[in-house]
Amino acid sequence: LFPYTTLFRSILKGMLRTELGFKGLLFTDGLGMKGVTDKLEPGEPELKALQAGHDILLCPVDVSQAVARIKQAIKDGTLHEAEIDEHVERILQAKSKVSFAAPPAYNKQILQRAGAKELKKQLYRAAITLARNENRSIPLRNSDTPIPVLTNGTGLATFIEKLKTHLAITHHHLDMHTSPEAYKALEAQLNGHPVIIIAVDIPGQSGMIEMQAELNGQPTSAYIELIKQLGKQAILVLFGNPYNLAHMPDSQATIVAYE
């Protein structure tokens with residue numbers, strides 16, 4: 001029994017389509033998820049998703065292998081061309097409902113209303129989770145000695161500016177161009193410091209460390225290793241995908257900030 005609902009024909013075709021009468025589009029999860037790719041050969045997740053009844057396959061891992069397997073399945077009779085036609089027809093029907101003779105004019109006031117922006121802020125604020133707080137490290141108190149703050153990635157400028165309004169900090173930005181010598185020098189400089197704020201923002205596909213490692217040759221590995229060396233002194237702020245928390249060392253406090 002394959003343990004993922006997204007690939008169960010009995011649930012998609014049987015329950016959703018037949019029992020519940022759902023006539024809309026069915027989308028897969030991201031097919032690059034490890035639980036699927038670790039158990040199936042390249043191209044198999046995409047084929048199984050089609051066989052299960054999905055219309056749209058999200059984040060296919062190996063498109064050429066998937067196409068080859070799908071074509072072979074049609075030849076073997078394990079996937080019928082009529083089913084492919086049904087998927088295409090359903091997609092075209094969905095497109096027809098949102099198509100326009102001429103694209104509507106861009107209206108910034110509608111798309112970026114103040115109320116929508118405020119709601120977005122409220123949702124982000126409510127999502128922040130304090131996952132660990134040993135010794136009541138948080139809330140932080142300002143001190144005479146600036147607190148070192150480490151960041152990676154490119155999307156944390158607002159985070160740093162907000163910190164500066166509340167705390168005295170020294171900011172150290174590290175990226176994939178930072179040399180090993182610079183990492184070692186920073187580790188030596190910060191080792192023994194009572195509190196270090198370390199922000200982690202993993203870019204790339206789904207923002208997951210495993211996927212970025214496969215696609216980009218582990219550009220974050222040096223940063224993660226530095227976190228491991230400084231972890232006991234760290235207040236860790238994890239942005240993006242919360243699954244990356246599994247790769248993080250113990251710290252005196254951990255905040256899962258999502259966006």
* Count the heavy atoms of every other residue, nucleotide or ligand shown that sit under 6.0 Å from CD of Glu81, and state whether that count exceeds 12. =>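 Incorrect, the count does not exceed 12.
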* Atom CD of Gln72 with >12 non-hydrogen neighbours under 6.0 angstrom ->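 Counting neighbours around CD of Gln72, more than 12 heavy atoms of other residues, nucleotides or ligands fall under 6.0 Å, so yes.
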* Asked: Is Thr18 reaching over with its side chain to a backbone N or O of Met15, donor-acceptor style, under 3.5 angstrom?
  ->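 Looks like no, no N/O pair under 3.5 Å.
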* Any donor and acceptor pair, going by atom type alone, linking the side chain of Ser251 with main-chain N or O of Ala253 inside 3.5 Å? ->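 Judged by distance alone, yes, a pair lies under 3.5 Å.
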Supply the atom-to-atom distance [X] [atom1] to [Y] [atom2], rounded to the nearest 0.5 angstrom.
X      : Y      : atom1 : atom2 : result
Lys228 : His247 : NZ    : NE2   : 9.0 Å
Leu123 : Glu118 : CG    : CD    : 10.0 Å
His54  : Thr6   : NE2   : OG1   : 3.0 Å
Leu79  : Ile74  : CG    : CD1   : 5.0 Å
Gln51  : His80  : CD    : NE2   : 9.5 Å
Ile227 : Gln233 : CD1   : CD    : 12.5 Å

Does [X] pair with [Y] as a salt bridge, N-O distance under 4.0 Å?
X      : Y      : result
Lys184 : Glu225 : no
Glu134 : Arg132 : yes
Lys13  : Glu86  : yes

In the single-linkage hydrophobic clustering (I, L, V, M, F, W, Y; side-chain heavy atoms under 4.5 Å), do [X] and [Y] co-cluster?
X      : Y      : answer
Tyr258 : Leu245 : yes
Phe8   : Phe22  : yes
Leu58  : Leu47  : no

With a 4.5 Å heavy-atom cut-off, do [X] and [Y] have their side chains touching?
X      : Y      : answer
Asn152 : Asp175 : no
Leu57  : Phe27  : no
Glu44  : Gln65  : no
Gln189 : His172 : yes
Leu174 : Thr151 : no
His87  : Leu26  : no
Leu50  : Glu83  : no
Met33  : Val36  : yes

* To do: List the steps, then state whether side-chain contact (heavy atoms from CB on, under 4.5 Å) holds for Tyr223 with Ile198.
  => CA-CA 10 Å; Tyr223 194 65; Ile198 303 179; 3.6 Å; yes
* Please go through Tyr124's hydrophobic cluster and name the other residues, only I, L, V, M, F, W, Y counting, with side-chain heavy atoms under 4.5 Å joining them. =>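 Besides Tyr124, the cluster holds no residue at all.
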* To do: Show which residues join Phe239 in its hydrophobic cluster (side-chain heavy-atom contacts under 4.5 Å, direct or indirect), or state none.
  =>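 Phe239 clusters with Ile128, Leu130, Ile138, Leu140, Ile147, Val149, Leu156, Phe159, Ile160, Leu163, Leu167, Ile169, Val195, Ile197, Ile235, Val237, Ile255.
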Would you name the heavy atoms of [X] and [Y] that are closest together and state the gap between them?
X      : Y      : result
Glu46  : Leu31  : CG-CD1, 3.8 Å
Ser137 : Gln252 : OG-OE1, 2.8 Å
Gly30  : Cys59  : CA-CB, 4.0 Å
His193 : Pro148 : CE1-CD, 3.3 Å
Leu12  : Ala52  : CB-O, 3.3 Å
Leu7   : Pro45  : CD2-O, 3.9 Å

* May I have the step-by-step check of salt bridge (Lys or Arg N to Asp or Glu O under 4.0 Å) for Arg17 and Asp55, ending in yes or no? => CA-CA 12 Å; Arg17 293 291 188 205; Asp55 301 302; 2.8 Å; yes
* Intermediate values then yes/no, side-chain contact (heavy atoms from CB on, under 4.5 Å), Thr37 and Val61 -> CA-CA 9 Å; Thr37 57; Val61 177; 4.0 Å; yes
* To do: In sequence, state the C-alpha distance, the side-chain angles, and the governing distance for Asn133 and Thr254, and then conclude on side-chain contact (heavy atoms from CB on, under 4.5 Å).
  => CA-CA 7 Å; Asn133 193 18; Thr254 301; over 6 Å; no
* Report the C-alpha distance between Leu226 and Leu150 in whole Å, list the side-chain angles of each, state the deciding distance to 0.1 Å, and finish with yes or no for side-chain contact (heavy atoms from CB on, under 4.5 Å). => CA-CA 10 Å; Leu226 181 63; Leu150 278 58; 3.6 Å; yes
